[in-house]
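Notes to accompany the following structure.
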Amino acid sequence: DAMVIQNPRYQVTQFGKPVTLSCSQTLNHNVMYWYQQKSSQAPKLLFHYYDKDFNNEADTPDNFQSRRPNTSFCFLDIRSPGLGDAAMYLCATSTGGSYNEQFFGPGTRLTVL
Amino acid sequence: AQTVTQSQPEMSVQEAETVTLSCTYDTSESDYYLFWYKQPPSRQMILVIRQEAYKQQNATENRFSVNFQKAAKSFSLKISDSQLGDAAMYFCALTHNNDMRFGAGTRLTVKP
């Protein structure tokens, strides 16, 4: 089945130790998104790629970076995780255009010790 | 700036009954789309229903329907004949130019 896959599902890191979260898709969608969702809160858009064009949200901390080496893969790098970065990180894809739904992965839950 | 507000953190409904989840939004854009997403416990978020802002007719998908009041910037979700599998977090969302903003969510409990 075509889908959005996130690895790992659970990630534990230490304060200040860089971590990379992975997202892949078999839907061949143009747009890939990263969201941060803290407990009982709305998902918050961090950035998205439309093909190779990177779009950063104005309030996304510099600590968060992203890479999209090809259509299928997108990575979220957290350079120096703080305790406040502990959250669920959701990856989503769409074909682009506001009408089109976003397809979400299961998320990676990040714990920072 | 686009904002989405869900004023009901939690709702409950008896199985087979009807429940309405509220959502209001604010945007200065004329072309936007509204969505309801469902996030079951420990499972991924999926689309429930969507509405084009330029369409006056309310969207329906089986047991799910919306009441879209554009002038009031209101977009409520009605779930008829509630089932146990409807228990989840429900997020209202607004999209303009690939930028999706979510409300804080409403946790729906379905009582057998």
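We name chains A, B, ... by the order of the sequence lines, and we start the count at 1 in each one. All of these numbers come straight from a predicted model, not from anything done at the bench.
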- Item | Parallel, tilted or perpendicular: rings of B:Phe91 and B:Phe102 (30°, 60°) | perpendicular
- Note on the structure: Under 4.5 Å to a heavy atom of chain B? For A:Phe103 that would be neither
- Heavy atoms only, distances under 4.5 angstrom: which of B:Arg43, B:Arg101, B:Met89, B:Gln6 has the most pairs with chain A? Name it, please. B:Arg101
- Query: Where does the angle between the aromatic ring planes of A:Phe64 and A:Tyr89 fall among parallel (under 30°), tilted (30 to 60°) and perpendicular (over 60°)?
  - Reply: tilted
- Note on the structure: One should read off an interatomic distance between B:Leu77 CG and B:Glu61 CD, to the nearest 0.5 angstrom, of 11.5 Å
- Query: Heavy-atom distance under 4.5 Å to chain A: side chain of B:Gln51, backbone, both or neither?
  - Reply: neither
- Message: Angle between ring planes, B:Tyr37 versus A:Phe104, binned at 30° and 60°: parallel, tilted or perpendicular?
- Response: perpendicular
- Counting heavy-atom pairs under 4.5 Å with chain B, the top scorer among A:Lys44, A:His48, A:Glu57, A:Gln41 is A:Glu57
